[in-house]
Amino acid sequence: MIIGEQLRNARTKSGMSLESLAEVMGVSRQTISNWETSRSYPDIERVMRLADLYHLSLGQPPLTKVRGL
């Protein structure tokens, strides 16, 4: 799952609208939409705020098996 999809899933699971999240994050609704469609990405400070808001860990993602190794 790509980052934009994860952001959208977390927002909808939390019950927030684009507008309410934009207000909390101090950005426009269009910016949130761009993050969720992977047209752009939040900076690290906003990623940390989103993780806190959604109660998510920023720990290292699980390792994936690389073909041939």
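Hydrogens, waters and symmetry mates are skipped; everything else that's a heavy atom, side chains included, is used.
- Residues satisfying the side-chain hydrogen bond (donor to acceptor under 3.5 Å, both in side chains) test with T12, not counting sequence neighbours, are none.
- Between R8 and T37 the shortest side-chain heavy-atom distance falls below 4.5 Å.
- Atoms CZ and CD1, from R29 and I32 in turn, are 10.0 Å apart once rounded to the nearest 0.5 Å.
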Below 3.5 Å, can you tabulate the donor-acceptor pairs from side chains in residues 44-54 to any protein atom, sequence neighbours excluded?
| unit_1 | atom_1 | unit_2 | atom_2 | d |
| --- | --- | --- | --- | --- |
| R46 | NH1 | D43 | OD2 | 3.4 |
| R49 | NH1 | M25 | O | 3.4 |
| R49 | NH2 | V24 | O | 2.6 |

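- With hydrogens and angles left out, the side-chain atoms of Q30 and N34 include a donor and acceptor closer than 3.5 Å.
- Here S28 contributes atom OG and E23 contributes atom CD; the two are 12.5 Å apart, rounded to the nearest 0.5 Å.
- Taking each heavy atom of L56 and A10 in turn, the nearest pair found is CD1-CB, 4.3 Å.
- Rounded to the nearest 0.5 angstrom, E36 CD and N9 CG are separated by 9.0 Å.
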Next item on the list: Please lay out, stage by stage, how L18 and R11 fare under the test side-chain contact (heavy atoms from CB on, under 4.5 Å).
Entry: CA-CA 8 Å; L18 283 171; R11 179 181 56 78; 3.7 Å; yes
